[in-house]
There are 2 protein chains.
Amino acid sequence: MKESATKARILDVASRLFYDQGYNSTGINQIIEEADIAKASLYNHFPSKRDLLAAYIQKAEESWFDKMNTYLEPFKDPKAKLLALFDFRVDHQIANNFAGCQFTKISAEVPKDDLRAFELVGHQKNLVKAFITEQLAQIKLGQPQVLSKEMLADTFFLMLEGASVAAGVYKDASAIKKAKAIAEKLL
Amino acid sequence: MKESATKARILDVASRLFYDQGYNSTGINQIIEEADIAKASLYNHFPSKRDLLAAYIQKAEESWFDKMNTYLEPFKDPKAKLLALFDFRVDHQIANNFAGCQFTKISAEVPKDDLRAFELVGHQKNLVKAFITEQLAQIKLGQPQVLSKEMLADTFFLMLEGASVAAGVYKDASAIKKAKAIAEKLL
DNA sequence: GTCTATAGCTGGATAGAC
DNA sequence: GTCTATCCAGCTATAGAC
C-alpha cells in the first residue's frame, strides 16, 4: 500500500509552497518544476488542483498533531500540558515566520464552493478543541469557578484561534503569549 | 476635492468582489466588466491591483465602523454596548453568508511582501481593540476580579477574532454566540 | 506512470487614439 | 480621463507517444 515516491514529493513541495505563498498564488507549473516532474505526472496522482489541496490539508493536519504531541510529550500534568499548547503555537509561528494558522489561511482563500476544503479545515479545528476539552477534564479546578469547563474550553480555543490570526497580521507572537497569561489566570 | 464617479464605482465593485470571491480570485477583467468601464480607466485611478486593494481595505474599515456605530447607537450603557458588539458580529456574518472577517481574509491571502496590506488590516484590528478597551474603562466591575481590565480586553478581542474565523469555517454563528455568553460571565 | 507538447483561457498591465 | 486594442506571462488541464 506504499505510495509512490513521486506522489510524496509532489505533496511535499506543494505543502511548502501552499503555506509559504498561499494556495491561489501557487501554480501547478511551479510545483512540477520544484518537484522536478512532468505536468502529466502530477495529474496522474491528483485529478485536479483541488484534490491536491485536499491531500495537503489532510497531510498538514497529521503533521501538525505529530509536532504538537512531540512538543507536549514531556508535560505529564494536564494543566501544564494545556498551557504548553500555547507555547507550542508560539514556537510554531516563529518557525513559520508568522504566516498565521495554515488551516485558517486555507479557509480564507479557498473559493466558497469548495466544501471539501472547509470540512477538512473544520476537522482539524475540531481535534484541537477536543484536545483542550480532554485536558480540562483531567484538571481539578478550585471553587468557585466563574466559567464551566465547557466555557473554558471555548475560551481557550477561541483565544488561540484569534491569537494565531493576530500573529499573522502583526508578525509577532505577543497575542499568543497574552492568551496564555489569561489562561493561567482562569485555571 | 470630490472623487470621480468612475473611481467610486470601481471601488464599489471591487469591494463586493474581493469580499465575496477573495482578492486573488478576483481578476481586473471581472472588475472592469461589472463596473462597465475600460481597463485603462481603472489603471488611471489605481496604478496597480495592489493599490486598489489598499483603497479597498481603507474603505472597508470606514464602512465597517459606520455599520458598527449604527448598530450600537441604541445601547447607552457601556456594558450593554460592549455585549452588543458580539451581536453585531453575528448579524454581520449572517448578512455576509459566513464569509468570515473580511480583514482577516485579506491578511490570509495577500502575498507576504505586501506590507501595506498587513499594516492596514492591523489598523482596523487596533481600532476594534481600542473600542473594547474604551467600553471596559466605563464599566464598574464587581470585586474580586480574576482578570484585569486589560486582560478582559484581550480576552474579548481574541475571542471575537477566533469566533469570526470559526464562523467562516463552520458557516454558522454559534462560536460568536458562545463568546458572548462567556463575556457575560466575565463581566 | 512518466514524458513532451500544447490547447484554451485569464491574469495584470500598457500604447496610443480621441 | 476614457476608450479600443494588444502584449506577454501565467494559469489549469489534456492529448498522445513511450
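Letters A, B, ... are given to chains in the order of the sequence lines, protein chains preceding strands, and every chain is numbered from 1. Since we're looking at a predicted model, the values are computed, not measured.
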### Task
Using whole Å, report how far CG of A/Leu42 lies from C1' of C/dC3.
14 Å
### Task
For the pair B/Ser41 and B/Asn44, evaluate side-chain hydrogen bond (donor to acceptor under 3.5 Å, both in side chains) and give the outcome as yes or no after the intermediate values.
CA-CA 5 Å; B/Ser41 294; B/Asn44 177 55; over 6 Å; no
### Task
Test the A/Lys7-A/Phe46 pair against the cation-pi criterion, namely NZ or CZ under 6.0 angstrom from the six-membered ring centroid and within 45° of the ring axis.
yes
### Query
When the nearest nucleotide of DNA chain C is assigned to B/Asn24 and to A/Lys7 on a heavy-atom basis, which residue is associated with the more 5' position?
A/Lys7
### Length of the line joining A/Phe46:CZ and C/dG1:P, which is rounded to integer Å
13 Å
### Message
Is there a side-chain contact between A/Thr6 and the phosphate of C/dT2, meaning an N or O under 4.0 Å from OP1 or OP2?
### Response
yes
### Task
Determine: side-chain N/O of A/Ser41 to OP1/OP2 of C/dC3, distance under 4.0 Å, yes or no.
yes
### Query
Given side chains that start at C-beta, do those of B/Phe75 and B/Leu82 come closer than 4.5 Å, heavy atoms only?
no
### Task
Take the protein atom NZ of B/Lys39 and the nucleotide atom P of D/dT2, then report the distance between them rounded to whole Å.
17 Å
### Which nucleotide in C/dC3, D/dT14, C/dA13 has an atom nearest any side-chain atom of B/Tyr43
C/dA13
### Message
I want to check one thing: is the phosphate of C/dG1, taken as OP1 and OP2, less than 4.0 Å away from some side-chain N or O of A/Ser4?
### Response
no
Validation: residues 60-69 of chain A side-chain donor-acceptor distances under 3.5 Å, sequence neighbours left out:
| from | atom 1 | to | atom 2 | distance (Å) |
| --- | --- | --- | --- | --- |
| A/Glu61 | OE1 | A/His123 | ND1 | 2.7 |
| A/Glu61 | OE2 | A/His123 | ND1 | 3.2 |
| A/Asn69 | ND2 | A/Phe65 | O | 3.1 |

### Message
Using whole Å, what does the distance between atom C1' of nucleotide D/dA13 and atom CD1 of A/Ile31 come to?
### Response
13 Å
## Note on the structure
Checking A/Val13, A/Leu53, A/Leu17 against A/Thr26 for side chain to side chain contact (heavy atoms under 4.5 Å, CB included), the one that qualifies is A/Leu17
### Query
Hey, does A/Ser25 reach any base, or is it just sugar-phosphate, or nothing, if we go heavy atoms under 4.0 Å?
nothing
### Query
Mapping A/Ala40 and A/Asn29 onto DNA chain D by nearest heavy atom, which one lands closer to the 5' end?
A/Asn29
### A/Ile32 CD1 to C/dG1 P, straight-line distance once rounded to whole Å
19 Å
### Side-chain donor-acceptor contact under 3.5 Å, B/Asn29 with B/Lys39
yes
### Task
To the nearest Å, give me how far apart CG (A/Asn44) and P (D/dA17) are.
18 Å
### Query
Of the candidate nucleotides C/dT4, C/dT2, C/dA13, which contains the atom at the shortest distance from the side chain of A/His45?
C/dT2
## Note on the structure
A/Gln30 CD to C/dG11 P, in whole Å, measures 19 Å
### Query
Bend across the helix from C/dG1-D/dC18 to C/dC18-D/dG1, to 10°, with axes taken over 5 pairs at each end?
10°
### Query
Do A/Lys178 and A/Met159 have side chains that get closer than 4.5 Å, going by heavy atoms?
no
### Query
Taking atom C1' of C/dT6 as reference, at what distance in whole Å does atom CD1 of A/Ile28 sit?
16 Å
